[in-house]
Amino acid sequence: LDGKMHWRKAIGYSLMGLLTVGSEHLFSLSAFKCPCSNKNYTYGLVYLFVPALVLLFVGFALNGSTWQLFTGCCVNPRKLFPKGKSCHFFHAFGQITLKAFVAPVMWLSVVLLNGTFYECAMSGSKNLKYLEMLCHNKSNKCLEELPKVACGQTSLSSWETEEILLTLQAESQVVGWCVIVTAAFLSLLITCYGHCQSNTSHLQKRFWKIYTEKEKEQFEKYFEDYATKLSERNLKSFFENKKLEPFPMPSLRAWEEASALDSFNINQQIFSTLHKLVEDSMKENDSNETQDTMVNLVP
């Protein structure tokens, strides 16, 4: 099962990468039209970073843990910062953010390696020293004609135009590889730090991952089964006009507690929020039974 989870992640990231490449080509071919004027810088940067921001927001929105963390937080702010777990929110939100950043980083990597958006943006840069560097050993009208280079409408000689474009493309690709290397290094660093600071063994972590995967699968099956039974019961009561037996359902408090983010606790051998809820309930029942027994023994 552990291998299957890794394969699912690999397939998911591969599909995300293909979608990113496809989106970049679609933007380049159909939507992106460099203005070749003093608007180049703003226009190019918008195409570089706005889609990345959109992907970031979509990453937050599509992550179920986001809504698991924030649902009801306005009504009960204590949910974000529970007693004895002041860092719970930052740890949970940090994990959600790291996952949400995968798609934006892929987008930036792809568009920077391609270079089209960067060429348009930097050919209209507001930095005079940078523009003078691009026009070094070029004709006097280079600075004036730079914004038109990305469109091929400049009056500069072909070799000057090609040299400027190659410089811009090379810079874009270098920045792209820097983004990839930085993202990979930070990902490795965070993973290593998490493992080094962990007080759990490698096998326990593997068991925890398998358990949470199985629990999610069973949750979906139970949800579907109970929802089907409840809907059948209500429809039967409606059409046959019969009074039916009460249908057992978790209490509102139990729903709320079970909706909290998973809390792996090695000291108590707790592997999920549901596991903790069940164990606490069993302890409470045992305690009540003990008290009842003590009362019955008192003459």
Side-chain angles (χ1 to χ4, degrees), residues 9-62 97-136 138 142-143 145-154 156 160-191:
K9 283 185 180 180
I11 292 170
Y13 287 138
S14 299
L15 289 173
M16 194 183 296
L18 289 173
L19 286 172
T20 304
V21 173
S23 301
E24 188 274 335
H25 279 293
L26 183 65
F27 268 62
S28 297
L29 293 173
S30 60
F32 184 77
K33 304 291 181 186
C34 189
C36 298
S37 65
N38 58 358
K39 303 294 183 183
N40 280 18
Y41 187 68
T42 303
Y43 187 80
L45 289 185
V46 164
Y47 268 82
L48 265 174
F49 293 108
V50 170
L53 282 174
V54 172
L55 288 171
L56 180 64
F57 298 149
V58 170
F60 278 115
L62 294 182
T97 303
L98 285 174
K99 291 179 181 178
F101 261 102
V102 173
V105 168
M106 282 187 174
W107 167 265
L108 287 175
S109 302
V110 170
V111 298
L112 286 170
L113 289 176
N114 179 278
T116 305
F117 302 157
Y118 184 90
E119 288 173 10
C120 179
M122 299 313 291
S123 63
S125 172
K126 308 298 182 183
N127 190 327
L128 185 58
K129 288 185 178 179
Y130 176 78
L131 296 178
E132 288 175 348
M133 182 273 292
L134 285 177
C135 288
H136 184 63
K138 306 292 190 304
C142 178
L143 286 174
E145 294 291 317
L146 261 181
K148 301 177 183 178
V149 167
C151 302
Q153 299 173 356
T154 178
L156 295 173
E160 287 178 324
T161 302
E162 185 178 0
E163 188 174 316
I164 292 170
L165 286 175
L166 287 174
T167 301
L168 291 171
Q169 192 170 42
E171 287 177 359
S172 180
Q173 290 174 347
V174 168
V175 175
W177 280 114
C178 287
V179 169
I180 294 171
V181 170
T182 303
F185 176 73
L186 287 176
S187 176
L188 178 63
L189 191 66
I190 292 169
T191 304

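Remember, it's a predicted structure, so these values are computed and weren't measured experimentally.
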Kindly compute the distance separating [atom1] ([X]) from [atom2] ([Y]), expressed to the nearest 0.5 Å.
| X | Y | atom1 | atom2 | result |
| --- | --- | --- | --- | --- |
| L156 | T161 | CG | OG1 | 5.0 Å |
| I164 | M122 | CD1 | CE | 13.5 Å |
| L62 | F57 | CG | CZ | 13.5 Å |
| L108 | F101 | CG | CZ | 9.5 Å |
| F60 | T97 | CZ | OG1 | 3.5 Å |
| L146 | L134 | CG | CG | 6.0 Å |

All salt bridge (Lys or Arg N to Asp or Glu O under 4.0 Å) counterparts of E160, not counting sequence neighbours: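 Applying salt bridge (Lys or Arg N to Asp or Glu O under 4.0 Å) to E160 gives none.
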Is there a donor-acceptor pair closer than 3.5 Å between any side-chain N or O of [X] and the backbone N or O of [Y]?
| X | Y | value |
| --- | --- | --- |
| N114 | V110 | no |
| K39 | S37 | no |
| S187 | A183 | no |

For [X] versus [Y], what's the shortest heavy-atom pair and its separation?
| X | Y | value |
| --- | --- | --- |
| L131 | S123 | CD2-O, 4.3 Å |
| L48 | W107 | O-NE1, 3.0 Å |
| N38 | K126 | O-NZ, 3.2 Å |
| L165 | A150 | CD2-CA, 4.3 Å |
| G124 | Y41 | O-CB, 3.1 Å |
| L45 | A121 | N-CB, 3.9 Å |

Check whether any side-chain heavy atom of [X] sits under 4.5 Å from a side-chain heavy atom of [Y], and report yes or no.
| X | Y | answer |
| --- | --- | --- |
| W177 | L113 | yes |
| Y118 | Q173 | no |
| L53 | P104 | no |

Atom NZ of K148 with >12 non-hydrogen neighbours under 6.0 angstrom: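 Atom NZ in K148 is not packed in, count stays at 12 or less.
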E132, CD atom: more than 12 neighbouring heavy atoms under 6.0 Å: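 It does: E132 CD has more than 12 such atoms within range.
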S125 and N127 side chains, donor-acceptor separation under 3.5 Å: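 On atom types as modelled, these side chains do not qualify, holding no pair under 3.5 Å.
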SG proximity flag C151/C34, limit 2.5 angstrom: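 Their SG atoms do not fall under 2.5 Å; no disulfide, then.
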Steps toward side-chain contact (heavy atoms from CB on, under 4.5 Å) verdict (L112, V179): CA-CA 9 Å; L112 286 170; V179 169; 4.0 Å; yes
